[in-house]
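Numbers restart at 1 for each chain; the letters A, B, ... are given by sequence-line order, proteins then strands. Note that the structure is a prediction, hence the values are computed from the model and not measured.
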Amino acid sequence: MDARALTKVFERGRRTWIQRLRREPDHRERFVAVDGIELRVEQGEIFGMLGPNGAGKTTTMRILATLLLPTSGAARVLGIDVREQPREVRRRFGAVLSGERSLYWKLTARENLEYFAALYHLPPRRTRERIESVLDAVKLTDRADDYVERYSMGMRQRLVLARALLPDPPLLLLDEPTVGLDPQAARDMRERVLELRSEGKTVLLTTHYMEEADQLCDRVAIIDHGRIVALDTPTALKRTIQAEEVVRLEIAAEADGVVSRLSENAQVARQERADGLLHLTMHTVSARDFVPRAFDAARAAGATIKHVEVVPVTLEDVFLALTGRALRE
Amino acid sequence: MLLLELRAFGAAAVREWRQLRRYPTFGLGLLFWPIVLPAMYVLQARGYSGGDQRAIDAFAERSGTNEIAGFLFIGWSMYMWLSIVLWGPGTLLRTEQVRGSLEALFLTPASRIGILFGPAVAHLVPALWMYVVVGIALRFGFGLVVEPAAVLRAAVVILLAVPALYGMGALFATLVLRVGEVVGPIQVVRGVFTVLCGITFPIVILPDLARSAALALPPTYIIADLRAVLLTGADLVDLVPDLAILLGAGVVLCALAAVAFRRAEAYARRGGRLAQY
Ligand SMILES: Nc1ncnc2c1ncn2[C@@H]1O[C@H](COP(=O)(O)OP(=O)(O)OP(=O)(O)O)[C@@H](O)[C@H]1O
Ligand SMILES: [Mg+2]
């Protein structure tokens, strides 16, 4: 699957009929949600799009899923153009896009699947066997004849995945598959996704949980403001920051000098004042060397370090280094 | 391929029916209003005419029949059927949109026609049930006897009217994709149909302008032709011009709806409106 210079521009606000009739110039504000995305997902890999709220992950996904037309650029799914032959594309992927609301709550899981099996044009002879197999894959067999309204959130999300698996598609598009799930259910879902890869399926997923992207994905595209700011394996991405470890410091101080003193020994990735404290995120090669020096530097500047935390480098830090902002802002 | 599309269409009908069936009490309303509403008009007509033969003759002269009860019941039954096929697809599409299932449907390769009209078919089951009830009420409450052959002819009229009605239904569904809420336009059109199409009166009594407008609306023909075959014993041959108009309107409306629906879908895909409401 690949995307070339994919761009989506939304218009905000309304254009009234009167404006249209008078052919007045269009004053609507244009908003670039996806700005020239280039990516190529190889067969059999789990590819993740990681980015903060509003980065354009879902929009990209919906273009690939034929629900949105791109403003410009092209995307092909298994070699078929999403704009030219949307119906052919729809035959070839399963998607978890709009979440649990997209189910019929007044029907049972099995009835939901029966309906979608027909819409996916499964041959009648294979339908029953497929339904049993996808129910089994998401471990819902024993609750298959319960109404969906009586399901938990996690079960509904699993049923949505089962529905996406119905046509046995080579490609799966999963938009935030674990959002809103409790830790256990989220772990289950991630295991399902790994199983899919072992069955040879290609998975494209979005998330704003960096741990998820790190654990699950073979390759990750970090997206911000509709652009890919980095794309590589999680390990390679983490290697791009010149640091082995991340040290978080909370310092009680007025003096600004402390920051410059500290930066002699490590790289300041981020600084922020909150609750009367200075919060610093430092990237360093060795925390063991840096921490004692940090205390010396603080003392010299007349400041006190209230709290020290040493953590391994995560994709969050990569994002921070690339954009200067935290993922969850 | 066509077979698979038909199956998708059938599955949409079955799905809707399963949901309907979960609320068995809805059938009760269907027993009540189809009888009470026209019965009220029959009583009103009797009250105004005072049972005077001259009044009945005057009615017969304008409408071609003196079966006032039959006349009104057919009008209202048609009105209810129109409600199902005209606003049905649009309203159901809107329900899917608000519920959030519309996108999931549009993700499948199934033809949009099946998705659109399949569910409306499920609503024909209660409609049929309604006609049986109305038939029984007419037979035993008002002593109207209709021959089986006439019922068959009525079925042919209804069948020939299907393209026109479904074409209009699809146009409403298009409006849903375009503007979201359609309650307003539906109210307006419903009002126009109620006044112009002769649901409770023969359209000859309308002023010239209104009558010309009525003759431009397919439901006018359906109602008039049904009355003709059921009440005055007209043969289908007598109705050929009317039926040709109906069928022609059907072809035009369906073609129009197909174009409009495709454009509305493209519009929705440009603005991401499938999931918005
Ligand atoms: N149909 C639409 N019309 C107008 N603007 C839209 C539409 N859909 C999305 N947007 C805008 O496009 C931007 C990107 O949205 P998108 O849903 O792709 O973000 P996201 O990366 O999925 O974020 P999140 O992590 O919150 O799901 C947002 O600013 C959003 O407001
Ligand atoms: Mg999103």
Side-chain angles (χ1 to χ4, degrees), chain A residues 8-12 17 33 58-59 62-63 65-71 82-83 85-108 110-124 127 147 149 160 163-164 166-167 169 173 175, chain B residues 1-24 26 92 95-116 118-119 122 177-180 262-263 265-277:
Chain A
K8 180 71 196 174
V9 179
F10 285 117
E11 267 132 20
R12 291 213 167 130
W17 285 101
T58 302
T59 307
R62 286 156 57 92
I63 293 174
T66 74
L67 289 176
L68 269 181
L69 286 169
T71 309
V82 291
R83 201 202 284 261
Q85 293 176 282
R87 267 185 102 178
E88 286 307 309
V89 171
R90 286 180 201 124
R91 283 180 212 291
R92 287 165 173 82
F93 70 84
V96 174
L97 284 188
S98 26
E100 34 141 34
R101 280 206 315 131
S102 67
L103 295 163
Y104 295 93
W105 289 27
K106 296 281 173 201
L107 299 182
T108 68
R110 200 186 299 279
E111 287 168 345
N112 266 288
L113 292 174
E114 280 169 6
Y115 180 35
F116 281 94
L119 295 185
Y120 276 112
H121 291 161
L122 288 192
T127 299
Y147 288 115
E149 62 186 353
V160 174
R163 179 176 71 192
L166 262 182
L173 304 176
D175 191 19
Chain B
M1 198 59 230
L2 187 66
L3 224 65
L4 289 173
E5 286 296 358
L6 278 176
R7 208 169 87 83
F9 179 82
V14 168
R15 192 225 79 223
E16 182 70 20
W17 176 245
R18 280 172 167 164
Q19 275 174 299
L20 274 181
R21 207 182 44 187
R22 282 203 65 193
Y23 300 100
F26 87 104
L92 293 169
T95 315
E96 303 260 16
Q97 195 179 36
V98 173
R99 182 171 40 208
S101 42
L102 191 61
E103 276 205 339
L105 299 180
F106 274 64
L107 278 173
T108 68
S111 143
R112 276 63 182 123
I113 298 175
I115 294 171
L116 196 57
L177 289 182
R178 206 71 215 196
V179 301
R262 191 152 306 162
R263 289 190 54 173
E265 194 187 344
Y267 169 81
R269 282 176 68 203
R270 270 198 304 278
R273 282 179 185 74
L274 291 176
Q276 293 175 347
Y277 46 92

Pairs of heavy atoms under 4.5 Å with chain A: top-ranked of B/Val14, B/Ile115, B/Leu4, B/Leu107: B/Leu107

Selection from B/Ala268, B/Pro109, B/Ser101 maximising heavy-atom pairs under 4.5 Å formed with chain A: B/Pro109

Select, from A/Pro86, A/Pro167, A/Pro124, the one with the greatest count of heavy-atom pairs under 4.5 Å involving chain B. A/Pro124

Heaviest contributor of heavy-atom pairs below 4.5 Å to chain B, chosen from A/Arg91, A/Lys8, A/Glu111, is A/Glu111

For B/Leu102, is it the side chain, the backbone, both or neither that has a heavy atom under 4.5 Å from a heavy atom of chain A? neither

Could you tell me which portion of B/Glu5 (side chain, backbone, both or neither) has an atom closer than 4.5 angstrom to a non-hydrogen atom of chain A? both

Segment of [X] engaging chain B (4.5 angstrom heavy-atom cut-off):
X: A/Leu68; answer: both
X: A/Phe10; answer: side chain
X: A/Thr127; answer: side chain
X: A/Ile63; answer: neither

Under the side-chain contact (heavy atoms from CB on, under 4.5 Å) test, which residues partner B/Ile113, sequence neighbours left out? B/Ser111, B/Phe117

Using the side-chain contact (heavy atoms from CB on, under 4.5 Å) criterion, which residues pair with B/Arg22? Sequence neighbours excluded. A/Lys106, A/Tyr147, A/Glu149, A/Arg150

Closest heavy-atom pair and its distance - A/Ala118, B/Ala8: O-CB, 3.7 Å

Shortest non-hydrogen contact from A/Leu69 to A/Arg83? CD2-CG, 4.1 Å

More than 12 heavy atoms of other residues, nucleotides or ligands under 6.0 Å from CZ of A/Arg87: is that the case? yes

Is the backbone N or O of A/Thr66 less than 3.5 Å from a side-chain atom of B/Arg269, with the two atoms forming a donor-acceptor pair by type? yes

Does the side chain of B/Glu96 come under 3.5 Å of the side chain of A/Tyr104 through a donor N or O and an acceptor N or O? yes

